[in-house]
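I have placed the structure first, in the form of structure tokens, so that the comments after it can refer back to it.
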Amino acid sequence: MNRIFSGIQPTNQLHLGNYLGALRNWVRLQESTASQPALQKSNVSQPALRGAENFFCVVDLHALTVPQDPESLRRSTREVTAAFIAAGIDPERSVIFAQSTVPAHAELAWLLGTLTPMGWLNRMTQFKEKSGKHREDSGLGLYSYPVLMAADILLYKGTHVPVGEDQKQHVELARDIAGAFNRRFGSEYFPLPEPLIQSEAARIMSLRDGSKKMSKSDESDYSRINLTDDADAIALKFRKAKSDSDLLPDNVEALGARPEADNLITIYAALSDQTKAQAVAHFAGQQFSKLKTELADLAVEKLSPIGTRMRELMSDQAELDRLLKRGTERAAAVANPILRGAQDLMGLVRS
Ligand code: AMP
Ligand code: TRP
């Protein structure tokens, strides 16, 4: 049985980069795994994944690895859940839940931590980046974060993990940990999970600086399009986006030296389901302002229904919590027996 697992941390607001780099791919995977061809709306062909089960998790325990305001964390957890659904993840066909509500995640993380050499964790680039010069002061949780992520995936015997390039090393670590468990306790208990990296639109850049990733943590709100931005805000942010004074080029190579034009063309191509070459051909020789105007219209058309749906979902907290609870039950029903099996293999007693 193939199982797809992925997660997003509930920190701040989700933005266009999260949508194009993660959520939209999840929706496409959900469509391509549908067992009835009638449900196959996408042109992404992943026949091997037909019939796979999908788990999409709001990873609140991961968010706690850096300081969070408790009320904002709770709010973000609901908001990210709303974003999943508004973007097209169907809570019936996929399992949507919050990580902390299935305690087996933390329990398996402990078990896997006993099998993970510190040398493996010392190689993780994200820890090095996030801890920076304050290595001695950073929390144990930030260091062992990849072990919790391995537990997330292995708890469902996950086989495929759609993530951005930045998370590939963590998925590879999850493979190594699964291998270590299997060698030590026999049996092919855990399948070795594979990262699924979508390369197109894998990196959407800041609207203020084409050399920086669009990020939840950028101080300037003008650097990103939030999924909850209304039509006016979306249009305004594209209008104010950094540009250069040249006419737009007629070939993709020429974008190499123009990061802002490159980024806006990439976004245009992704939102209109075209290749970058097609988008370049469409704007060849035009003023930069033309790209901004068309992009603003297109983004409003594609994103404002998502924002509207998110606001609707957020206004009915009881319904959102009901959906999350149902997700928790479905996730736990898969996770608990797999945790139990690992506990048995490792020699823990049953009560
Ligand atoms: P984060 O916002 O870092 O918690 O990431 C959540 C998901 O969104 C991950 O799968 C990232 O790879 C993806 N993501 C975040 N920022 C961007 C971006 N600027 N462009 C493309 N994908 C992104
Ligand atoms: N670490 C991932 C990120 O920051 C989020 C995450 C946690 C995740 N657990 C996961 C992604 C399991 C995929 C599978 O983006």
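Because only heavy atoms are used, hydrogens play no part in the values below, and waters and symmetry mates are left out as well, while side chains stay in. Read the numbers this way: they start at 1 and go in the same order the structure lists the ligands and their atoms.
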Carboxylate-amine/guanidinium contact [X] [Y], below 4.0 Å:
X      : Y      : result
Arg123 : Glu172 : no
Asp273 : Arg28  : yes
Lys242 : Asp209 : no

Taking only heavy atoms of [X], which atoms of ligand 1 are found under 4.0 Å from at least one of them?
X      : result
Gly21  : 21 (C), 22 (N)
Lys213 : 16 (N), 17 (C), 18 (C), 19 (N)
His15  : 16 (N)
Lys216 : 1 (P), 2 (O), 4 (O)
Gly164 : 10 (O), 12 (O)
Ala22  : 7 (C), 8 (O), 10 (O)
Ile204 : 18 (C), 19 (N), 20 (N), 21 (C)

So for Leu20, does at least one of its heavy atoms come nearer than 4.0 angstrom to any atom of ligand 1?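 In this structure, Leu20 fails to qualify as a contact of ligand 1 - no heavy atom is under 4.0 Å.
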Is there a heavy atom in His170 that sits closer than 4.0 Å to ligand 2?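 Judged by the 4.0 Å heavy-atom criterion, His170 does not count as contacting ligand 2.
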Which of these passes salt bridge (Lys or Arg N to Asp or Glu O under 4.0 Å) with Asp218: Arg208, Arg224, Lys212?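 For Asp218, the salt bridge (Lys or Arg N to Asp or Glu O under 4.0 Å) check succeeds only for Lys212.
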Is the ring pair Tyr156/His105 parallel, tilted or perpendicular, if the boundaries are 30 and 60 degrees?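 Judged by the thresholds at 30° and 60°, the geometry between Tyr156 and His105 is tilted.
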Specify side chain, backbone, both or neither for [X], according to which of its non-hydrogen atoms lie closer than 4.0 Å to ligand 1.
X      : value
Gln167 : neither
Thr11  : neither
Glu165 : neither
Arg203 : backbone

Relative to the heavy atoms of [X], which atoms of ligand 2 are at a distance of less than 4.0 Å?
X      : value
Val161 : 13 (C), 14 (C)
His62  : 7 (C), 9 (N)
Tyr145 : 1 (N), 2 (C), 3 (C), 4 (O)
Gln9   : 4 (O)
Val163 : 11 (C), 13 (C)

Scan side-chain atoms only and decide if Gln274 and His282 contain a donor-acceptor pair under the 3.5 Å cut-off.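 The criterion, which ignores hydrogens and geometry beyond distance, is not satisfied for His282 and Gln274.
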Around atom 9 (N) of ligand 2, find the nearest protein heavy atom and jot down its residue, atom name and distance.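 Ranked first by proximity to atom 9 (N) of ligand 2 is Asp152 OD2, 2.7 Å.
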For atom 11 (C) of ligand 2, closest protein heavy-atom neighbour: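 Of the protein heavy atoms, Gly7 N, 3.5 Å lies nearest.
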Side-chain donor/acceptor of Glu79 to backbone N/O of Pro10, under 3.5 Å: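 Not at all, since once roles are kept as given, no pair shorter than 3.5 Å links the two residues.
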Any sub-3.5 Å donor-acceptor pair from Asn182's side-chain atoms to Phe190's backbone N or O?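 Yes, Asn182 side chain to Phe190 backbone: donor-acceptor pair under 3.5 Å.
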Hphob cluster co-occupancy, Tyr268 + Met205, side-chain heavy atoms under 4.5 angstrom: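 Tyr268 does not cluster with Met205.
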Can you confirm, on distance only, whether ligand 1 has an N/O atom lying under 3.5 Å from any N/O atom belonging to Asp166?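 Such a contact does occur with ligand 1.
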Nitrogen or oxygen of Met214 less than 3.5 angstrom from that of ligand 1: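 Min N/O separation from ligand 1 is below 3.5 Å for Met214.
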Which of these, Leu14, Ile267, Asn18, has its nearest heavy atom closest to atom 14 (N) of ligand 1?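 Considering heavy atoms of Leu14, Ile267, Asn18, the nearest to atom 14 (N) of ligand 1 sits in Asn18.
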Atom NZ of Lys292 and atom CD of Glu260: how far apart are they, to the nearest 0.5 Å?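 Rounded to the nearest 0.5 Å, the NZ-CD separation comes to 10.0 Å.
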Looking at Gln287, I want to see if its CD is surrounded by more than 12 non-hydrogen atoms of other residues, nucleotides or ligands under 6.0 Å.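 No, because the 6.0 Å sphere around CD of Gln287 holds 12 heavy atoms or fewer from other groups.
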Answer yes or no for Lys325 and Phe97: cation-pi contact, defined as NZ/CZ to six-membered ring centre under 6.0 Å and angle to ring axis within 45°.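 Not satisfied by the 6.0 Å and 45° rule.
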